[in-house]
Structures are given as structure tokens and as C-alpha cells.
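The analysis underlying the following values was restricted to heavy atoms, covering all of them including side chains, and did not include hydrogens, waters or symmetry mates. All figures in this text were calculated on a predicted structure; none of them were measured in a lab. Residue numbering restarts at 1 for every chain, and letters A, B, ... go by the order of the sequence lines.
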Amino acid sequence: MTRTFSQVFSLTLVFLFIMIGFTGHLPAADMELLGAGATFPQPLYSKMFDAYNQQYKIKVNYQGIGSGGGINQLIKKTVDFAGTDAFMTEKELQSAGAPVLHIPTCLGAVVLAYNLPGSPRLNFTPETIAGIFMGTITKWNDPQIASANPGIALPNLTMSPVHRADGSGTTFIFTEYLAKANNAWKEKMGVGKSVNWPAGSIGQKGNPGIAGYVKQTPGAIGYVELLYAIQNKMAYGNVKNKAGKFIEPSLRSVSAAANVKIPDDTNVSLTNTDAAAGYPISGFTWLIFFKEQNYGGKTKERAATLAKLLMWSVGNGQRHVEPLQYAPLSKEAAAKSVKIIGSMTYNGAPLLK
Amino acid sequence: MVNNIKARLVRDVFFKSAICLFAFISLLPLFLILYYITKNGIAVINWDFLTSLPRPIGETGGGVFNAIVGTLILIVLSSVLSIPCGIAAGIYLAENKTGRLSNSIRLSVIVLQGTPSIVIGIIAYLWIVGPLKSFSALSGGIALAIMMLPVIVKTTEETLKLVPYHLKEASLALGVPYYRTLLKVVLPSGMSGILTGILLSVARITGETAPLLFTAFGNQFMNINIFKPIDSLPYRIFYYAMSPYPEWHSFAWGASFVLVVLTLSLNLIARGISAKWKIQF
Amino acid sequence: MIRQSKKLTRHIDRSERAFTFILTLSGGFIVLLLLGVLGTLFINAIPAIREFGVFFFIARTWNAASETFGALPFLVGTLATSFLALLISIPFSIAISLLLGEYYKNGVVSGFLRSAVEVLAGIPSVIYGLWGLFLLMPGVRFIEMQIGVAPQGVGILTSSLILAIMIIPFSASIGREVITLVPGDLKEAAYSLGATRFEVIRNIVIPYARSGIIAGILLALGRAIGETMAVTMLIGNSNFLPTSIFSPANTMASVIANEFAEATGVTSASLIYVALVLFFVTIIVNIAGAYVIQKLSIESSREVT
């Protein structure tokens with residue numbers, strides 16, 4: 001071969017070697033875990049994983065692609081763990097092919113955030129929420145909304161409901177609540193990470209997408225995790241619970257709703273709570289991962305790193321939860337989570353002593 | 001008759017002003033875009049922005065260092081993967097003007113060039129991410145390489161076609177073997193054109209986001225391992241733009257400024273090269 | 001000496017063959033790459049093709065929950081946004097091509113305008129989306145408030161506007177090239193008969209350059225159809241048939257960008273089916289454009305000789 005050609009060739013090779021060289025020794029030097037999924041707890045996770053990196057020098061890359069995306073990528077084994085606000089369905093668990101474990105990390109409230117002049121605090125009944133998101137209530141001064149909000153002057157403004165364009169656990173919590181509290185919703189819309197929204201409803205990606213759009217659009221209303229509404233100084237509404245009270249979503253009202261017995265697999269639904277002071281659209285958010293960690297060429301060291309991270313997130317990591325307006329795990333829930341993490345295996349042998 | 005001429009002249013003037021008006025209006029968005037990027041971008045750009053990593057929301061500071069590095073890595077990766085093959089295929093086309101394979105290659109180049117970037121993203125996901133079981137810079141680089149390839153092939157072919165035949169003949173007449181003639185005579189004289197093509201294709205892929213959504217994936221940390229997810233400027237802009245936080249919006253503008261400066265300077269260099277070393281014989 | 005030269009010849013022969021082999025291999029690789037893309041899309045779309053067949057294009061429900069998929073809303077969304085964008089952009093791109101190809105071929109004005117158009121073409125689509133979010137969206141919302149439709153700000157119109165801005169450079173630069181190709185003697189003949197410039201443009205330049213302008217428009221259309229990021233950010237992501245130009249919708253590209261990461265089974269296959277369709281639509285548009293241009297260059301070269 002001539003010189004130019006071989007030069008180009010060897011340059012290419014050198015580049016590749018440099019790249020592979022980087023690759024070869026890096027994983028040992030700084031372990032990096034990859035997670036993806038729910039945007040509901042994303043602000044918390046980015047805070048937690050940032051703190052974790054500072055303390056333990058382990059990078060945890062978490063991308064908010066929606067709970068549906070998280071579950072799917074975990075099943076396809078492209079991520080080490082996923083985040084979801086909806087417990088995996090039977091079908092999803094089956095298609096995973098191997099047992100998948102869930103541990104809750106925190107609780108949050110799905111709030112109705114809206115953009116109205118003067119940002120009044122409104123009261124919503126299940127019927128009005130269902131009406132708004134089924135497209136039967138189209139104006140802000142609709143009598144159904146007005147009757148629950150005496151004394152508040154509602155503008156004659158077109159309502160623009162916003163839903164999640166991606167498969168979302170937040171949508172799951174929201175639709176599960178509506179199906180429990182409203183028959184029309186149950187029959188027409190159903191429950192799911194994505195449902196068949198009516199025509200004319202806007203779709204946005206992720207909690208941030210909805211919050212961003214509502215913030216910018218007068219008359220828009222969407223459902224997001226409480227923190228997104230608080231951080232963005234958006235108006236959000238009280239929701240009438242089963243006991244007939246209009247409850248403000250807050251750390252306390254979410255914790256009140258969470259006062260239930262936790263089953264061993266932590267699969268528990270908090271929506272439409274019986275608790276008189278409980279906010280009815282609250283839910284757990286989970287981290288999910290495979291029970292048997294030896295798959296796809298994963299090293300034992302990497303698996304152990306994951307287990308340690310999970311331990312930390314239900315233990316010491318919980319101190320980051322409350323400052324961000326999520327509700328921390330109860331002692332019971334934390335204890336159950338520790339037990340679940342303890343059941344993780346590598347080649348059948350327990351991963352953690 | 002006089003009236004008629006007047007009417008015609010009036011119409012002529014009217015038409016010209018309409019054309020000028022339309023052209024002016026179509027430049028308006030450009031100025032607005034550049035104005036917004038510069039105004040909002042410069043406001044956040046400082047040393048810290050360029051050299052620190054993203055922070056969780058609610059904390060001040062942070063930057064796009066990892067995204068800049070990621071974008072550079074993706075550029076290098078896709079160039080390494082696409083340039084040798086692209087130039088070789090371009091030479092093949094220039095040397096074999098007709099023939100079944102040449103025609104199929106030409107058709108493939110046209111089709112690949114028009115393929116929507118999101119489709120290429122899916123392909124890279126199915127080919128690389130699925131089997132390797134991980135999102136990675138490599139899969140993003142491959143997606144971008146597929147997008148670069150047709151541009152390089154086409155410019156190489158077109159440049160080499162312009163190289164006069166007598167140059168080649170002179171070399172061959174001296175007894176220089178065919179392949180050496182191509183490599184030592186034809187290719188160097190077309191180098192500026194090929195380089196221009198490469199730079200233009202790099203400029204094209206630098207701003208691509210869609211193929212990276214399911215491949216390079218994004219990463220809030222610094223990463224230089226090509227088998228791991230990696231951040232990139234366009235992805236960061238998308239992520240920040242869709243967020244509800246004003247701080248992040250201004251970061252999106254800052255990152256846009258960096259990205260536009262990068263792509264425009266690539267374009268400028270490409271134009272400079274093609275203007276300065278135009279093939280002249 | 002003879003042996004040596006024989007050795008050299010053999011060496012050259014070997015290199016020669018290796019060289020040609022590498023060239024052919026690289027060329028063949030590109031064909032294989034395209035076939036691979038096509039094959040991969042097709043194979044992965046098979047479950048959806050089997051399930052929905054051609055009815056995929058006329059079914060109007062896209063419901064992941066019940067796993068019934070019809071791509072009509074996205075087909076309509078794509079066609080509506082790209083053709084509307086084309087309609088909006090045509091006057092502007094023709095104006096620019098005339099200005100650059102006819103009125104000011106050289107000089108400061110043309111240099112400035114040409115670089116401006118090039119800059120416009122070089123801006124990444126995600127930045128167009130960002131700009132659209134913060135400038136175009138409020139603008140459209142303002143219009144919507146004036147005429148009394150829901151002030152959502154996103155939807156077909158917003159996406160079409162951003163697409164129009166993005167494709168102007170493409171059709172304009174091709175238009176400019178074909179307009180400069182119009183033979184001077186034809187134009188001069190018309191001038192000598194006393195035609196005004198407008199009449200020359202209308203009766204000579206435009207008819208002569210028509211097919212080239214159409215080719216430019218076709219290539220711009222191809223780009224508009226496949227454009228993903230800016231549209232995804234501005235279209236409103238609704239899986240229903242749009243009812244007006246203000247309605248939120250989804251294009252084929254944007255639905256893939258939104259849903260591909262989480263799609264499993266039939267949903268995933270259906271999305272890949274959508275990608276396959278998108279691929280074919282852009283292939284047809286691009287090949288048509290390339291064909292027109294090729295024919296044009298053959299014609300013009302014939303006239304020169």
C-alpha cells in the first residue's frame with residue numbers, strides 16, 4: 001500500500017485504539033450506573049445521585065424518559081435499573097423473562113397545575129377533573145368548576161388540557177385515581193400509563209414538558225408532581241377526597257394517604273385514599289431492577305455497586321427527600337425495601353451479606 | 001399606448017419591490033434567531049459555563065462541559081467511521097462512471113441522504129443498542145456516520161470528476177501504476193473539495209438531535225467511554241428547552257450559542273477552503 | 001534486473017488489486033447499508049404489517065392501551081405540516097432565488113443575502129425548535145386569541161411556520177442555481193423586443209427554470225417530511241386527526257420520537273412500520289427531485305455544446 005493510504009489507515013487505527021484504551025481501564029476506575037424512567041421523581045434522583053457521586057465517586061446517570069420507557073429499557077436490559085411510578089403489570093413482568101424487584105424511594109402527589117390570571121387556588125371534584133380531561137368541560141367559567149369555587153371570579157377562557165405524550169407513571173396514578181372516583185372515566189378512559197386522550201388535548205413529554213407548557217400557556221391545565229408546581233411557582237388545585245374534603249396537596253397530606261399497610265412486594269396503591277386528611281392523587285415511585293444480576297455480562301462488582309446504591313437510596317439517601325417536598329418512606333416501607341434489596345442475587349448467591 | 005407602457009413599467013417596479021419585500025421578510029426570522037441566540041446566549045456564557053458539569057435543578061451554577069466534550073467525541077467517532085469508506089466509495093464512483101454497481105451506489109447515496117434522521121436513530125438502536133445491551137456514544141456515532149456518509153461520497157465523486165483527465169493521463173504515461181496515480185495525483189488535486197465536503201457533513205451532523213435520542217441517550221456526568229451513554233450539545237439544548245425552569249432555558253440558549261458558533265465556523269472554514277484552493281488548472 | 005522488475009510488477013499488481021478491492025468494497029458497503037436499513041425496518045415491522053396490513057394507512061385510531069394502531073392521523077399530520085410549510089415558503093424562496101439569480105447576481109447585496117441564506121441553512125433544527133417555543137408559540141397564541149380559538153400556541157400552524165423557515169434556504173439555493181442557468185441570449189432577445197424585466201421573468205425565466213424550481217421544492221418537501229426535532233417540540237403531540245390548522249397533531253417523525261423508547265411488541269413494530277412508511281415517502285420525493293435535477297443538467301449541458 002502507498003504511504004498516504006497506510007497513513008490514513010494507521011491514524012484510524014490509532015484513534016480506535018485510543019478510544020478502546022479509554023474504555024479498557026475506565027470502568028474499573030470509575031463505575032458508572034445507568035438508569036432511566038420516571039420523570040416524577042427526577043428532581044429528587046438528580047439531587048440524590050449528585051450527592052452520591054460526591055460522597056462515593058460513583059456516577060449514576062439517570063435519564064427521565066417516562067416510566068413506560070424505563071420499564072421497557074429495563075426489560076431490554078439496556079439499563080441497570082429503571083424508575084417508575086406505576087407498579088409493573090403482569091404482562092410486563094412476564095415479558096421481562098426473569099423476576100424483577102421493586103423498591104419504593106419516596107411518595108409524591110400528582111397535582112393539577114394551571115395557568116390562570118391571578119393564580120387562584122381552586123377546588124376540584126373528581127367529576128370536574130374527569131370532565132376537563134375527557135373534553136366535556138371546555139371553559140374555565142364552567143358552572144361545574146364555579147360551584148366548587150364560590151367567591152372566585154373565573155375567566156371566560158378556553159381550557160387547554162395537557163396530557164403526557166410518553167408512557168407515564170404519573171398518568172397511571174392520575175388515571176387510576178379518576179377511574180376509582182369517577183364512573184364515567186372508568187368506563188370511557190380506563191387506567192394506564194398512556195390512555196386514549198380526547199382529540200384536541202395537547203401532549204407533552206415528561207413532567208417537565210407539561211409544567212413548561214402550562215407555565216407558558218394561559219388557560220392550560222395539566223397534571224404534574226407537586227415539586228414541579230412548587231419550583232415553578234405555578235398555581236395548583238385542591239382535590240376533593242373520598243371523605244368529601246378539599247385537600248391541599250402537601251407533604252403532610254401525602255403522608256396521611258400513605259398510612260396503609262405495605263405488602264411484601266411493596267405493590268400498593270394510595271389513590272382515592274380513605275384517610276380523611278389524605279390527598280387522593282398520591283403514589284409511591286419505585287426503582288426497579290432484576291433480582292438475578294448476572295445477565296448481559298454484568299460483573300459482580302457492578303451488581304454490588306447497584307445494590308449498594310439501592311440500599312443507600314432507601315437509607316441515608318432519604319434525607320434528600322423532604323427538602324424537595326416529596327414524602328419520605330415510612331419505617332415499614334424502608335424495612336421492606338431493605339429486605340427486597342437483600343434478596344438480590346448474583347449467580348444465585350446473595351449479593352449482599 | 002403610453003398608458004400601457006406606464007402600466008407595464010409600474011408593474012415592473014411593483015414586482016421588484018414585492019420580490020425585495022419577500023426576500024427581506026424571509027431574512028427576518030434569521031435575524032431574530034441570531035439575535036435571540038446571541039442576546040440570551042452571551043448572557044450565560046462564561047468560563048464556568050463552559051467548563052463545569054450540569055447541576056441538579058435548584059442549585060446555581062453548572063454548565064455544559066460534558067455536552068461539549070460529548071459532541072466532540074461524537075464528531076471524531078462518526079468521522080473516523082465514515083470518512084475512509086466515504087472517500088473510497090467516492091473514488092469508485094468517479095472512476096466507474098457507468099455500470100450496475102455505480103448506479104446502485106448513486107441511488108443508495110441519494111436515498112441515504114434523504115433518509116429522515118429519526119429513522120437512522122431507530123436503525124442505530126436496533127443494530128447497536130439492542131445487541132450491545134447498552135446505550136452508548138458508539139451507537140450515536142454510528143447513526144451520525146450513516147448521515148455523513150452520503151455527503152462525503154457525493155462531494156468526493158463530484159470533486160474528482162472535475163480533475164482534468166490529462167493529469168491522470170500524464171501520470172499513467174510515465175508508467176505510474178493506476179492506483180498510485182489515483183492516490184498521488186488525482187486525490188491530492190481534489191483534496192480541497194473533499195475536505196470541504198467532510199467539513200460540511202460534520203457541520204450537518206453536529207446539530208443533529210433526533211438520531212441521538214435512542215442512542216447516545218444523554219448523561220449528566222462527564223464521560224469519555226464510547227461504550228457508555230454520552231451527552232451532546234443538541235441533546236442538552238432539547239432537554240433544557242423542554243424543561244419548565246427559566247435558569248435551564250437560559251442554559252439552552254447558552255448551549256445553542258456554543259453549538260451555532262461551532263457549526264457556523266465549520267461552515268466558514270469549509271467555504272474558506274473551497275474558495276482558497278479551488279481546483280485551478 | 002529482470003527478476004527484480006518482475007517482482008515489482010507483481011507487487012504493483014497485488015497493490016492494484018487490493019486497491020480496487022477496497023474501492024469496490026466501500027462502494028458495495030453503501031448499497032449494503034441501504035439494503036440493511038430497509039431490511040431491518042421491514043423485518044422489525046412485520047408483526048404490525050401482518051396485524052394491520054394496508055388498513056394501517058386508513059385506520060384513524062392509535063391506541064397503545066388496546067393495541068389498535070392506525071397511522072392515518074400521522075400521515076395527515078405529516079402531509080398537512082409539510083405542504084402548508086411549502087405553501088408558506090414558496091413565495092419567499094422564489095423571491096430569494098430571483099433576487100440572487102436575476103436581479104443581483106453579484107455585489108454586496110447578493111453576497112450578504114447569500115451568506116444569510118447559508119447561515120439559515122446551517123442552524124440545527126433543535127435550535128429552531130427552541131426559538132419556536134419562545135417566540136413563535138406566543139405569536140401563534142396571540143393570533144389564536146384574536147380569532148377566538150383555543151390559545152394553545154402549538155399545533156399544525158406553528159410547526160408549519162417553523163418548517164417553512166427551515167426549508168426556505170433549500171429551495172432558494174436550488175432555485176437560484178437554475179435561474180442563473182437561463183441563457184442570456186434568450187433574455188436579451190426579449191429585452192430587445194422592449195420587454196420589461198418583470199415580463200422577462202414571467203415569460204422567459206420562470207418557464208425556463210420551472211422544472212429546476214420544482215426540483216428544489218421537492219427536495220425541500222423531502223426535508224420537511226422527515227424533520228423531527230423542531231416539529232416534535234411544537235406540534236402538540238395529539239394522536240388524533242387534526243381538525244383545523246390550529247389543532248395539535250403528530251407527524252410520523254414526531255410520534256416515533258415520542259413513543260419509540262417505551263414501545264414494546266406490536267406498538268414497537270407499528271412505530272417501525274410508521275418509520276418504514278416515512279422512509280418510503282421521503283425516498284420517493286427525493287428520487288423525484290434528484291431525477292428532475294439530473295434531467296435538467298443533461299438538458300443544459302446539451303445546450304452548451
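- Looking at A:K298 and A:F290, their side chains never come closer than 4.5 Å, going by heavy atoms from C-beta outward.
- A:K76 touches chain B through backbone and side chain together, each having a heavy atom under 4.5 Å away.
- For the set A:Q204, A:Q216, A:K47, the count of heavy-atom pairs under 4.5 angstrom toward chain B peaks at A:K47.
- Listed options A:L34, A:T78, A:V60 were ranked by heavy-atom pairs under 4.5 angstrom with chain B; first place goes to A:T78.
- With a 4.5 Å cut-off on non-hydrogen atoms, B:Y235 touches chain A through its side chain but not through its backbone.
- Using a 4.0 Å cut-off between a side-chain N of Lys or Arg and a carboxylate O of Asp or Glu, B:D231 and B:R236 qualify as a salt bridge.
- Looking at heavy atoms from C-beta onward, B:L138 lies in side-chain contact with B:F227 at the 4.5 angstrom threshold.
- Proximity to chain B is limited to the side chain of A:Q42, based on heavy atoms less than 4.5 angstrom apart.
- For A:N53, the part lying near chain B is the side chain, with the backbone staying farther off; criterion is any non-hydrogen pair under 4.5 Å.
- Residues B:M147 and B:I120 are in side-chain contact: their nearest non-hydrogen atoms beyond the backbone lie under 4.5 Å apart.
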Practice task
Check step by step if side chain to side chain contact (heavy atoms under 4.5 Å, CB included) holds for B:I226 and B:S136.
Solution key: CA-CA 6 Å; B:I226 59 167; B:S136 58; over 6 Å; no

Practice task
Walk me through it: do B:F251 and B:F49 pass the test ring pair (Phe, Tyr, Trp, His ring centres under 6.0 Å)?
Solution key: CA-CA 9 Å; B:F251 276 16; B:F49 181 76; 5.3 Å; yes

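- Chosen from B:Y239, B:W248, B:F217, the residue pairing most often with chain A at heavy-atom distances under 4.5 Å is B:F217.
- One finds a salt bridge joining A:K193 and A:E92 here, because a Lys/Arg side-chain nitrogen approaches an Asp/Glu carboxylate oxygen to under 4.0 Å.
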Practice task
Quick one: do B:K168 and B:E95 satisfy salt bridge (charged side-chain N to carboxylate O under 4.0 Å, His left out)? Show the steps, please.
Solution key: CA-CA 11 Å; B:K168 210 158 106 184; B:E95 290 306 303; 2.8 Å; yes

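- Options A:Y213, A:F49, A:Y62, A:Y45 differ in how many heavy-atom pairs under 4.5 Å they form with chain B, and the most are formed by A:Y62.
- Proximity to chain B (any heavy atom under 4.5 Å) is restricted, for A:I65, to the side chain, taken from C-beta onward.
- Ranking B:G218, B:G130, B:A137 against chain A, the residue ahead of the rest is B:G218, based on heavy-atom pairs under 4.5 Å.
- If you measure heavy-atom distances from B:Y125 to chain A, the contacts under 4.5 Å come from the side chain alone.
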